[in-house]
Amino acid sequence: MAAARITVFNTLTMQKEPLVPTREGKVGIYVCGPTVYSYVHIGNARTFTSFDVVVRYLRYRGLDVTYVRNYTDVDDKIIHAAHETGEDPIHLAARFVDAFREDARALHLLEPDVSPKVSDHIPDIIAIIGKLVAHGVAYESQGDVYFQVSRYPEYAKLSKRHLDELRAGERVQPGEQKREPLDFALWKAAKPGEPAWDSPWGRGRPGWHIECSAMSARYLGESFDVHGGGLDLIFPHHENEIAQSEAAFHKPFAQYWMHCGFLDLEGAKMSKSLGNVVRLRDALQRVDPEALRYFLLSTHYRNPLSFSDKSLADAEARLEYFYETLSKVDARIAGRDFGKGPLHGEPGRFRTEFEAAMDDDFNVPGGMAALSGLFAEMNELTDKPPVKDKALVGRTLQALREDVRRISSVLGVFEDAPEAWLLRRRDRAVRERGIDVGQVEALIGERNAARAAKDFARADQLRVQMKGLGVDIMDTAQGTTWKVTPA
RNA sequence: GGCGCCAUAGCCAAGUGGUAAGGCAAGGGUCUGCAAAACCCUCAUUCCCCGGUUCGAAUCCGGGUGGCGCCUCCA
């Protein structure tokens, strides 16, 4: 069975384990989505892109995946942000949900099967809190409800901390009515001007962690397969989710915990206090969205990734190579019938290599190596075919092109029409560099006239002139084309 | 202070017991009027340092050095 071949690094055990879904052939995955108080940053984007590929690959392997990624739209930070703009918190959150959807589309993120919001699940949340109170692991205190950590002996099994050490560093916020410092809020009594709902404990709103316990249970069941998020969510968020869910339902919560590493800014942590947060939205303006996606996937999801203009430029250059190859290959094989028959070499080996890498805890960089081999093979067959049989070459190219499509569907890159992507990229560069296209075309015309007249000195002079404008020209069988010199 | 992660060529980056993937850059070549692109070749006896385990370690163990993260909101 395909799934058994896939191995996942489980934060719970700190080991790679075979992925064995609870229900044969089906995988439920819950990823902690954005708290929508602002635009998401590129670190968020990395996490969501990583899990996007996880979901795509599980489906590629034939698993029936239910992918849930929530929006936390009721939260302290949202309330603060709304106070500053004078906006209604729920309205502000809705605005940023829309913004996120736009950014996500640009990044080619799949729409999850379910994208639940906290504000739509208050009854579910109240029901779980009610269970926890009934089980004696949570208590009401002046309109707040707290989870009593000491009543859940397995607390901190995910982050592997010791309770006494945690206690040493704990502090109680003013106004909190906890029995013990480690206890955390499940429900917060309403303050004036805050979104609030009726509950058995009075009007109030959910605490931070409970929504994920409620929404995962609703859409995936009280026990499900994979739970994901950023590294920094391990403590306390995921820890608290485990405590709440397992104490409420008396069964194991998520089987596999997957955590995505950080993205930093050339070594420096991205943080609001340093003022070096890069919004996904802004990054999307600066670089081709697909290049950004390719960059985000260029390091294994658990390793740190460093964001820089150079790495972005590298990603874009690489994408250009892929698209130029595809453009060339498509021109060769599109709409042609090369008949049936044998293929040259073993074109399927690249996809096999790709799968082997991806089976191993979603090793995307390993998979990219296979992809490099695949593209080199396509280029060779197109430009310097080692065999004369054109039908054989054509069939092989078609097979390789088909494998590119399958791999693309997993990585979510180079799915565009190659010509369209190439032109879009050039147009953007033309705008950025302020290049006069009419002038370029005139110069090309002049140069071709000089070449026809064998006036190569003049032709070379024009080439140099265009180089000075930031334009590289290429003489091909289809005529002279040009592109903008990489900055 | 506690817990944990990371350290691979000029740069980016896989590899977690069997003798260093891939990419960029660089050098050489094929092709080209010249170029560009593409393709081919070259490019780490060695994986931060010191010990240990082993027939065998980049991979395991111990110690050190240097980065980083979490412990408070954070993807």
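Letters A, B, ... are given to chains in the order of the sequence lines, protein chains preceding strands, and every chain is numbered from 1.
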Residues which pass salt bridge (Lys or Arg N to Asp or Glu O under 4.0 Å) with D309(A), listed by chain and number, not counting sequence neighbours: R286(A)
Watson-Crick/G-U partner (both atom distances under 3.5 Å) of C48(B): G64(B)
Rounded distance in Å between the C1' positions of U19(B) and U30(B): 34 Å
Stretch residues 295-305 of chain A: residues that reach within less than 4.0 Å of RNA chain B through a heavy atom: S298(A), T299(A), H300(A), N303(A)
Integer angstrom distance from the C1' of A9(B) to that of A26(B): 12 Å
Side-chain atoms of residues 463-471 of chain A: list all donor-acceptor pairs with protein atoms under 3.5 Å, sequence neighbours left out, distances to 0.1 Å.
unit_1  : atom_1 : unit_2  : atom_2 : d
R463(A) : NH1    : I473(A) : O      : 3.2
K467(A) : NZ     : D472(A) : OD1    : 2.9

Length of the CZ-P vector between R281(A) and A75(B), whole Å: 17 Å
Integer angstrom distance from the P of C31(B) to that of C40(B): 16 Å
Value in whole Å for how far the P atom of A14(B) lies from CD of E353(A): 17 Å
Partners passing side chain to side chain donor-acceptor pair (under 3.5 Å) against R406(A) (at least two apart in sequence or in another chain): none
Atom pair distance, as rounded to whole Å: NZ in K157(A) and C1' in G4(B): 19 Å
Distance, rounded to the nearest Å, where M368(A) contributes CE and C24(B) contributes P: 13 Å
Nearest-Å distance once atom C1' is located in both G15(B) and A44(B): 14 Å
Which residue lies more 5' along RNA chain B, comparing D314(A) with G33(A) via nearest heavy atoms: D314(A)
Nucleotide of G22(B), C24(B), C71(B) approaching F235(A) most closely (side-chain heavy atoms): C71(B)
Partners meeting salt bridge (Lys or Arg N to Asp or Glu O under 4.0 Å) with E194(A) (sequence neighbours left out): R205(A)
Distance, P atom - from G23(B) to A14(B), rounded to whole angstrom: 15 Å
Whole-Å C1' distance, U16(B) and C47(B): 13 Å
Closest nucleotide among C71(B), G33(B), A75(B) to the A459(A) side chain: G33(B)
Whether H238(A) and H259(A) hold their rings parallel, tilted or perpendicular, with breakpoints at 30° and 60°: tilted
Interatomic distance, D232(A) CG vs A75(B) P [rounded to whole Å]: 6 Å
Distance, rounded to the nearest Å, where L231(A) contributes CG and C71(B) contributes C1': 14 Å
Rounded P spacing from C49(B) to G66(B) in Å: 15 Å
Polar contact flag, side-chain donor to acceptor under 3.5 angstrom, R458(A)-Q461(A): yes
Identity of whatever pairs with C55(B) - Watson-Crick or G-U, under 3.5 angstrom: G18(B)
Any strand: nucleotide that pairs with A37(B) via Watson-Crick or wobble, under 3.5 Å: none
A13(B) - base-pair partner by Watson-Crick or wobble geometry, distances under 3.5 Å: none
Nearest-angstrom distance from the residue atom CD of E239(A) to P of G2(B): 20 Å
Salt bridge (Lys or Arg N to Asp or Glu O under 4.0 Å) partners of residues 28-43 of chain A, not counting sequence neighbours, each pair once: none
Q148(A) versus R179(A), closest heavy-atom pair with distance: OE1-NH1, 3.2 Å
Parallel, tilted or perpendicular: ring planes of Y321(A) versus F375(A), cut at 30 and 60 degrees: tilted
Pairing residues for W421(A) by the ring pair (Phe, Tyr, Trp, His ring centres under 6.0 Å) criterion, not counting sequence neighbours: Y323(A)
Annotated protein contacts, base or backbone, on nucleotides 34-40 of chain B with a non-hydrogen cut-off under 4.0 Å, one of B, S, - each: BBBSBB-
P gap between U59(B) and C6(B), integer Å: 13 Å
Complementary nucleotide of U42(B), counting Watson-Crick and G-U pairs under 3.5 Å: A26(B)
Touch class at under 4.0 angstrom, heavy-atom based, for L263(A) against every strand present: base
K77(A) to Y37(A), cation-pi by 6.0 Å centre distance and 45° axis angle: yes
Residue closer to the 5' end of RNA chain B, T47(A) versus S311(A) (nearest nucleotide): S311(A)
Touch class at under 4.0 angstrom, heavy-atom based, for G229(A) against every strand present: sugar-phosphate
Touch class at under 4.0 angstrom, heavy-atom based, for G261(A) against every strand present: base
Counter-base of U72(B), judged by Watson-Crick or G-U geometry with both distances under 3.5 Å: none
Distance in angstrom units between H209(A) NE2 and A75(B) P, rounded: 12 Å
Summary of salt bridge (Lys or Arg N to Asp or Glu O under 4.0 Å) pairs that have at least one residue in residues 39-49 of chain A, sequence neighbours excluded: none
Which nucleotide in C11(B), A13(B), G22(B) has an atom nearest any side-chain atom of K310(A): C11(B)
